Structure formats: C-alpha cells, structure tokens
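FYI, side chains are in, hydrogens and waters are out, and symmetry mates aren't considered; it's all heavy atoms of this structure. Throughout, protein chains are lettered first and strands after them, A, B, ... in sequence-line order, and every chain is numbered starting at 1. This one's a predicted model, so the numbers in the text were calculated from it and none came from an experiment.
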Number of protein chains: 2
Amino acid sequence: MARKVGRRGGNIVTIHDVARHVGVSPMTVSRVINGEKNVREETRQKVLASVEALNYSPNMAARSLATQDVARVALLYSNPSSAYLSEFLLGILEQSAQSGCQLTIESCDGPEGAASAIEKLKTTGTDGVILPAPLSDSTRVAKALKDLNIPFVGVATARPAVDFTSVSIDDYKAAYSMTKRLIALGHRRIGFIKGHPNNYGSQLRYDGYVAAMAKAGLEVDDSDVAQGYFTYRSGFDAAETLLGRDERPTAIFASNDDMAAGAVATAHRLGLDVPSQVSIVGFDDTAMATMVWPELTTVRQPISDMSALALKLLLDQIRAKRTGAPYTPIREIRDFSLIERQSSAAVSDA
Amino acid sequence: MARKVGRRGGNIVTIHDVARHVGVSPMTVSRVINGEKNVREETRQKVLASVEALNYSPNMAARSLATQDVARVALLYSNPSSAYLSEFLLGILEQSAQSGCQLTIESCDGPEGAASAIEKLKTTGTDGVILPAPLSDSTRVAKALKDLNIPFVGVATARPAVDFTSVSIDDYKAAYSMTKRLIALGHRRIGFIKGHPNNYGSQLRYDGYVAAMAKAGLEVDDSDVAQGYFTYRSGFDAAETLLGRDERPTAIFASNDDMAAGAVATAHRLGLDVPSQVSIVGFDDTAMATMVWPELTTVRQPISDMSALALKLLLDQIRAKRTGAPYTPIREIRDFSLIERQSSAAVSDA
DNA sequence: TTAAATCATGATAGCGCTACCATTTGCGCT
DNA sequence: AGCGCAAATGGTAGCGCTATCATGATTTAA
C-alpha cells in the first residue's frame, strides 16, 4: 500500500527484481519495457512474463529523472463549456499519468488574452501546449506559438489547416448524418441554428446540414435558418424566430447543445411539446444535453479520447524536436456518434 | 525551453547551482527549500535570495525518487455535475503539480458501484482517496475505505460526521443567507425546492431556509415547499406545483442550479417573467447558472480551492500514516458567497 | 570552567531508471 | 575454420534530490 517502508528495503518491485527473476541484466529489462529493438524475442517474452508475475510497474519519477525528459506541457483554454473541459481533463489526465509529464493548466480570455498567457508559458519553460476547442481555431494563437517555436496540438480544430497537428471529428459529416437522420424520421422542414459566425467548425456544420438537405431534394428556406452564437440565450432567441410563425419547421437542428437547450425552452414557452410537435437536436453531447428535459438527441465527440490522443501526439512532437528529427504535422480525425435521446421523434402524421 | 540538452550539461538550475552560488552545501539548500529548521536565519535568507536570482525550481521527479514518497492518490467520483467536476479537477491538478503526487481518476456508479472501484484501488496500491460531493456523504463508501485503512478526505460533506477529514461549506448558513437576502428584497412568500431526500446537505439547506423565514417572522406554508431530486426535470415539475396556483410565491429558492434552471423553464412556460414576476435562485453556481437565461442568482462554493485543500490535507494524512504519527480528522469549513445575477429582483409593488 | 547537550552544516550514498559504451554472441561469408 | 559484422546483452555512471550520519560550532548546565 504505502510506497515507502524505510529509506531502503522498500517492498516496491524494481527493474532489478525483474532482472534477477528472469536472469538477465536490468538493462535488458529496461529495453523490453521501453519497446526497444535489439532484444531477442524469446528474452522479451520471458521478461514480459516476469513483469506480469511480479506485478512490476515502472517508477515514473526515476524514469523522468534518468531521461531528463520531463516534458512540461500546458493546457491553454479559454472559456469552453465546463462539460467539455471536464471530459477533456479526464482524457488528458489519464494520458499524462501514463506518460509521466508535468501538466499545467492555464486559462485565458479568448484568443486576445492568449498572448499574455503564452508569454508566461515561454518564461516558465513550457515544452508544449494543448489547445482545446475554441482556441484551436485561432490563427493568432497558432502563429504566436509557432513564432516561439513551441510545439502544440489543437483539438477539435475545424479549420482544415494542416500546418499543425490536430485531433478533430468531421463536423461536416456529423452534421450531415444528423440531418439525414432527421429526414429519415420524416421531417421535411428542418430549421437550423447556426453557431458563432467566427467559428469555422460552425460553418462546416451548416454546410453539412445544407448538403444533406440538398441530397434529399429538400429546399432550405432562408427563413428556416437563424443565426446563433453558441449561447443558451442565442438559441432561445433564434428558436423564437424559427417557431414563432404559423408555418414552422417540424425539427430544429442547433449547432450546439446550449442553443438546443435554449430552443427547447422557447418551444415550451410557445406551448409546443418536444418532441411530439417539434424535434430539437443539438451537437457536442455536453452535460447540458442530459440536464434539460427532454434530454437532447445530439452528436457526440469522443472528447476524452481526443484529448488523450492529443497529448500523446504532442509528446511525440516534443521528442522529435529534441532529437532534431523532422516532424510532419498530423491531422487525426476521430469518429463521432449520434446519440438519440428524447428530444427527437418521427414527425407525427397529425 | 527543452528540459534536455544532452545527457549531461543541461541548462537546468539544480540545487547544486544554488549551493555554489551561495557558498554552502547542497544539503543546506535542500533544508531551506523544505522549510526545515536548524538553519541559521541569515543562511536561509541568502539561499532564498539565490533561489530567486537563479530562478531555481525543484525537480519533482528527483525529489520523489529520493524520498520514496510518491503518494498515489485517487479521485473517486460518481456522476457529479460536470461543471462541478471540471472546477474540482482544476483545483486538484494545481495542487498535485505542486506536491508531485500521482493522480488517478476513477468514476463509479453511485455509492453502490463504489465498492468495486474501491476494491480496484486497493489492488492498484492507492495511498489515499479524494471523495467529491455526492460520494462524500455516503457512509457506505466511508466505511469501505476505513475498513481498508486507506486515508481519504471528503469534499462538500454535509453530514457533520467528524470521523474523517473533510472540506465543506456551511450549507445551513448559506441557505440562511440566501433566504435572508430574498426577504430583504421584499419577498414574503418564498417557495423552496428541496434536494434529494437522501442527501444530508439538502436537508441542511432546507433547515437554513426555514430558520431564516422564522427569524423574519414569516410562515412557511407546506404548499410552498416541493420535493425535488437535484435534476432539471425535478425542478421543472416542482416549480409547476409551486407556481401553478393563483396564490403563488414571489420567489423560489431551489436547492441547486439544475433545479433552478428547470424552475425558470416552467415559469416561462406559464408565461411568468423572471425576475419581474418571480425571482428564482439556485445553489452551487455551476456552469448551469450562467447557461440559462436569465442567469441565476446562486450560492457559490469555492470549489477549486476546496479540492486543492482536500488534496493537501490528504497528503498530510498519508504522511502521518506512514510515519505512524497520530492523526486527528479535521473538518474545514470554507466561506461561500452569494452571487447575484439576473434571476432575482426586488418584489414589484404591482 | 568544563562536560554535555544542542545546533548548524557538510560528506556520502543511494532512490529506480536509462544513456552510453564495452563486450559477447550469433551468423553468413570466403 | 576463420573472419567480419551486426545483433544481443551487460557494466558503469550518473539524473537531482534527500536520509543519514559525521563533524565542527555554540550554547547550556553543573
């Protein structure tokens, strides 16, 4: 239980114990653990068996000390939804525990405030930066980091700029799928609430919606599209425009969950039942989606997977930079999924 | 920037550099850093000055390796609001970076699911556990941990059990203050939405409300109190009971933000304006509070402070356990604050 | 004043791991 | 067989820090 028993003579299993158990040198064990080559397959197997048997787990502190390889990575975020942030953190944490890197969390006020935060990171000696959702689309932030020669990875980057490594989902495809699903449920007039105009991902979502509608031979009337700003309030207002008419859509697709929740509130206020009279769907599957009633049908991103992967890629990049190896930015695309809850239903024939 | 420059000859400032700079032995520097006694005040000052001058910062990896003191602490949580969780994580992370301990995050399904999670922690060799909000009130979980002799600290523990260390706010006092504030705004009939009946903190909040009403000489009518379950939906329904009458209260105090948000939705549906016709206030100041419109007046707990403190206390406790020192559980109470937003207002004379 | 306790500091030896280089082993080739 | 070369393995020396004990400086008690 306790890691310590005395200054020496602890009960912790070390690489030496494994080595003795197998009958090789500690060095060989180290090589196996780190997946280096130049180890005979047979030896490798024996070592792995012993690791298992003795329940050995490497001591991160010793490793980072020996390798001098404690990457200091910072997570720089600006007001994401807290649901997003917490799941993001979960992924990052898991990965960082495995990789034994030192995490710093830094918040800033939008891309503007990022400048000073980045300045600070520089003086602190940060080896790399993770940029979650809103910040990952800021060219300004990307440029600042690049100028400082600090490696970074963007998460949920919508803009398909390939000059830095990023992990995202395909916003276009996701919006396309969701729209297609609504159409399959019998909806013909589907309203859309756009996200913030500055947000590139927001544009992609809209494009996906339009494409799916076109594919089904359905027309998108301008009056069925409302501008939103990703906030609850903006969804509330936008839905008012969309639903406050005689000829209203039977479904509304909001570009994020907060706006969808706002739309649900408006529907209720107008005396419309969700989903029997209007289906309302969101995007992101944040906690908001299950907090409101009825719970929202939405698009789910594997946020914690994505953040974990982002950290891993960042560490690779940092390592490459240190060894002077060439590094080519990667654009990873993860799969999204459609989560169907109670806010959507087939259009009623009434 | 990079932590590494070559196997040796890195540019990192070590304790030796500081020692040389001051003209003492590394050991003395170490002592100063760790705040040990038996160092002459004059020497201490000189060392501290050099630390500052050279911008030295201790290498956690080396320290934990030398002290054999890597505490493995687990954060065990069960479905808290994500807003709560993310802020909680922020506090924990900051503290853990400073203390150089190894964090594991573990989720479980309510107190029931905790059993297996705890079992797992045992085999993994966990030195201590942090228990956030809902779990910290489960006697079952507390007992399981105690039986295993694993130190733990509860956060936002409402039940005033003093047999384990905890960090909380005074739910009673907070509810009392909020109620008093509403009364000061001119409200005389104040409805209350209770939290989950199993939750002790929920009871304290109710008691605080009742006490404040009594203090002001106001009667609490049974029909002005509704049972809720901390969910949006339950707040939605409870508000219906409270507001769906001719003689309705002019304010509603919900035991958490989710229910307050639900209550706001109901008010809107009933055509009541918030706050001019009904004031609605919440508790916790989760992200939910600012996501709905109008934004909620609520009670704020210093969540990240509390979680950071909890980790610190946990580490103390672990250390005490290792050295065999006696340990007395502490019950820390932090200050809450009233956050006034747009969902509450003075009662109108109309 | 002198022995004994106390304090301030230093020297040494690792914590568990891996970088680096030395050595051994295996294997294909002439 | 003997050579060379590469693959496989081992030995050594720290990474930055602190536990421990040893030492010299200072105070206290007697």
Handout entry: Among C/dC17, D/dA19, D/dC17, the nucleotide that comes nearest once only the side chain of B/A66 is considered
Key = D/dC17
Problem - Counterpart residues, salt bridge (charged side-chain N to carboxylate O under 4.0 Å, His left out), relative to B/E106 (two or more places apart) - result: B/K120
Fill in the blank from the handout: Rounded to 10°, the angle between the first-five-pair and last-five-pair axes of the helix from C/dT1-D/dA30 to C/dT30-D/dA1 is 40°
Completion exercise
Taken to the nearest whole Å, CD1/B/I15 to C1'/C/dT9 is 14 Å
Exercise for the section: Could you list the residues that satisfy side chain to side chain contact (heavy atoms under 4.5 Å, CB included) with B/S64, not counting sequence neighbours? Expected result: A/A61, B/V70
Problem - Check: A/T14 side chain, A/H16 main-chain N or O, donor-acceptor pair, under 3.5 Å - result: yes
Completion exercise
Taken in chain and number order and not counting sequence neighbours, the residues that satisfy salt bridge (charged side-chain N to carboxylate O under 4.0 Å, His left out) with A/R44 are A/E41
Handout entry: Partners meeting salt bridge (charged side-chain N to carboxylate O under 4.0 Å, His left out) with A/R140 (sequence neighbours left out)
Key = none
Handout entry: Interatomic distance, A/H16 NE2 vs D/dG11 P [rounded to whole Å]
Key = 10 Å
Completion exercise
Here the residues of residues 18-44 of chain A within 4.0 Å heavy-atom distance, strictly under, of DNA chain D are A/V24, A/S25, A/M27, A/T28, A/R31, A/N38, A/V39, A/R40, A/T43
Residues 49-56 of chain B side chain polar contacts: donor-acceptor under 3.5 Å, at least two apart:
residue : atom : partner : partner atom : Å
B/S50   : OG   : B/H21   : ND1          : 2.6

Handout entry: Qualifying residues under side chain to side chain contact (heavy atoms under 4.5 Å, CB included), relative to B/S96, sequence neighbours excluded
Key = B/L93, B/C101, B/L103, B/L311
Fill in the blank from the handout: Here the distance between atom P of C/dT18 and atom CG of A/L65, to the nearest Å, is 11 Å
Practice task
Quickly work out the A/R63 CZ to C/dA19 C1' distance and round it to whole Å.
Solution key: 14 Å
Handout entry: Set of residues satisfying salt bridge (charged side-chain N to carboxylate O under 4.0 Å, His left out) with respect to A/D137, sequence neighbours excluded
Key = none
